[in-house]
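A quick write-up on the structure given underneath.
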2 protein chains.
Amino acid sequence: MASLHPSLRSPITAADRVLLEIQRAIVEGDIAPGSKISEPELAKQFDLSRAPLREALARLERCHLIERIPNAGARVVKLSTQGLLSLYQLRETLEGLACRLAAEHMADTEIAELRALLDQHLNTQRVREGESYYQEAGDLDFHYRVILGSKNEYLINILCDELYYLVRMYRVQLGMNGPRVSRAFDEHKAILNAIANRDGELADLLMRRHIAASRRNIEKQLEQTGT
Amino acid sequence: MASLHPSLRSPITAADRVLLEIQRAIVEGDIAPGSKISEPELAKQFDLSRAPLREALARLERCHLIERIPNAGARVVKLSTQGLLSLYQLRETLEGLACRLAAEHMADTEIAELRALLDQHLNTQRVREGESYYQEAGDLDFHYRVILGSKNEYLINILCDELYYLVRMYRVQLGMNGPRVSRAFDEHKAILNAIANRDGELADLLMRRHIAASRRNIEKQLEQTGT
DNA sequence: ACAGATAACATTGTCGACAATAAGACTAAA
DNA sequence: TTTAGTCTTATTGTCGACAATGTTATCTGT
């Protein structure tokens, strides 16, 4: 694979650590959208030199969390309805493809594991109803596994390493919760069944619908908050 | 847009220059696939320090031309049938989407310009029959404009900045030529017509077929050469 | 002779300082 | 008062050196 998630790579460098911290801070809104990134300031804050920090910034740019202008500096991205639309448009298509490929390429054992995962999520959902953290983690886990099941390295890279964090940022800052939660589980189940039946076309369709529904949900939140 | 092509950005830095040079060298095979990238060596070769070089390497990794392992170094990617398949699988879907969006979002003037471009290519094709360089440039130009016409920043970024160079590497090193050249023009024309008719669905379908045909063509070359 | 440990080497990661560029403040003229 | 220009300041880009890690060759013991 071109680039693995830092936490999954053997040697963890200083740049990796600061990357994860800043990534989290941006995604969760601790660093405000649109705010300027100051290299000296951040370097002092994390107590390291600018070299590993710049490495981290390069990767943050790669996953669309910041925008850099040469000789001018970097800014945290601003969320927008247009951006959300573009992002989810892409996700629909890409994860749809991932589903179709997963239906072709996932091993039976992988499918069984995925089914076990869903059952497990269903339980935790019942126990901790309304707590969006577990729900979100479970949802991401499901999507992750399907994407990995596609066995297409470029597709995996784009979805998991480049688009994922931005998707999460929209969800965290705009709130993915409410009645959609329970429905999402049913949709996951249906997708899994399609994959298990090796029906790539149906899996594709269901995943696209699933994401479209998710998009509409967030869009609603965005309009309430105001651009 | 998250990241523009270096040559299109106002301030051109040393890292940009060396990036373009190495990029070209890798794509055209001057630096052999699979060979190790030595930072000190390249720095000496291009007569600059390792800092801008590492910046360039980070971007090369981003467009999948090299693979880096922390503390171990970077290697130029190796071409493979599997890689080609994965890449074109993705391209089919993504450029199909781009076409559908282009049919929705391109301005009439843009469509007119694209038509003019195609006519122009037809002429140069007749004049310089068989010279694949112009053909390739023209083909890329067409695809570029359609992608830009989608008006989806993430889609544009992925296709133009991340996947493009690798696509070109396969084409350059394996040779896209022969009878496919003339047929490609007709396919471009058909795609353009669909876009002009605002028939996104058809444009999507035609583009996917167009790329699938292109893939089969290269695949054939790859099998002849041997893995 | 072969396997494992060890040491010498090379390469990458990180650091602090300097140079080049852009942003902002201040002055001066209309 | 506004605006254009200049100058100051701060930030980014680049550099050379050091530290940490990976790799390779050597040495030792069986």
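First the proteins, then the strands, lettered A, B, ... as listed; each starts at 1.
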Given [options], identify the nucleotide with an atom nearest to the side chain of [X].
X	options	value
B:Ser49	C:dA17, C:dT12, D:dG16	D:dG16
B:Ala72	D:dG13, D:dT23, C:dG13	D:dT23
A:Ala51	C:dT12, D:dG13, C:dT14	C:dT14
A:Glu39	C:dT12, D:dT14, D:dT12	D:dT12

Look at the rings of B:Phe142 and B:His188 and say which category their plane angle falls in: under 30° parallel, 30 to 60° tilted, over 60° perpendicular.
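Because their plane-to-plane angle is under 30°, the rings of B:Phe142 and B:His188 count as parallel.
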May I have all residue pairs that pass side chain to side chain donor-acceptor pair (under 3.5 Å) and include part of residues 49-58 of chain B, sequence neighbours excluded?
B:Glu39-B:Arg50, B:Glu39-B:Arg54, B:Glu55-B:Arg59
Closest non-hydrogen atom pair, B:Asn152 against A:Ser86:
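Here B:Asn152 and A:Ser86 meet closest at ND2-O, 3.0 Å.
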Could you state the [atom1]-[atom2] distance from [X] to [N], rounded to the nearest angstrom?
X	N	atom1	atom2	result
B:Ile12	D:dT14	CD1	P	12 Å
B:Asn71	D:dG22	CG	P	5 Å
B:Leu19	D:dT14	CG	P	12 Å
B:Arg50	D:dA19	CZ	P	15 Å
B:Leu53	D:dC15	CG	C1'	13 Å
B:Glu55	C:dG13	CD	P	14 Å
A:Leu42	D:dT11	CG	C1'	13 Å

Side chain B:Tyr170, main chain B:Leu84, donor-acceptor under 3.5 Å:
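Here the side-chain-to-backbone pair exists.
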Side-chain N or O of B:Thr13 versus OP1/OP2 of D:dT14: is the shortest distance under 4.0 Å?
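Result: yes.
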Does A:Arg54 make a side-chain N or O approach to OP1 or OP2 of D:dG13 shorter than 4.0 Å?
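So the side-chain polar atoms of A:Arg54 do come within 4.0 Å of the phosphate oxygens OP1 or OP2 of D:dG13, strictly under.
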Mark up nucleotides 5-10 of chain D, 5' to 3', with B wherever a protein heavy atom is under 4.0 angstrom from a base atom, S wherever such an atom reaches only the sugar-phosphate, and - elsewhere.
------
Within residues 30-37 of chain A: residues closer than 4.0 Å to DNA chain D (heavy atoms):
A:Lys36, A:Ile37
By the 4.0 Å heavy-atom rule, please label B:Ala14 as base, sugar-phosphate, or nothing.
sugar-phosphate
Upstream residue (5' side of DNA chain D) when A:Ala74 and B:Asp47 are each assigned their closest nucleotide:
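Its nucleotide being nearer the 5' end, the pick is A:Ala74.
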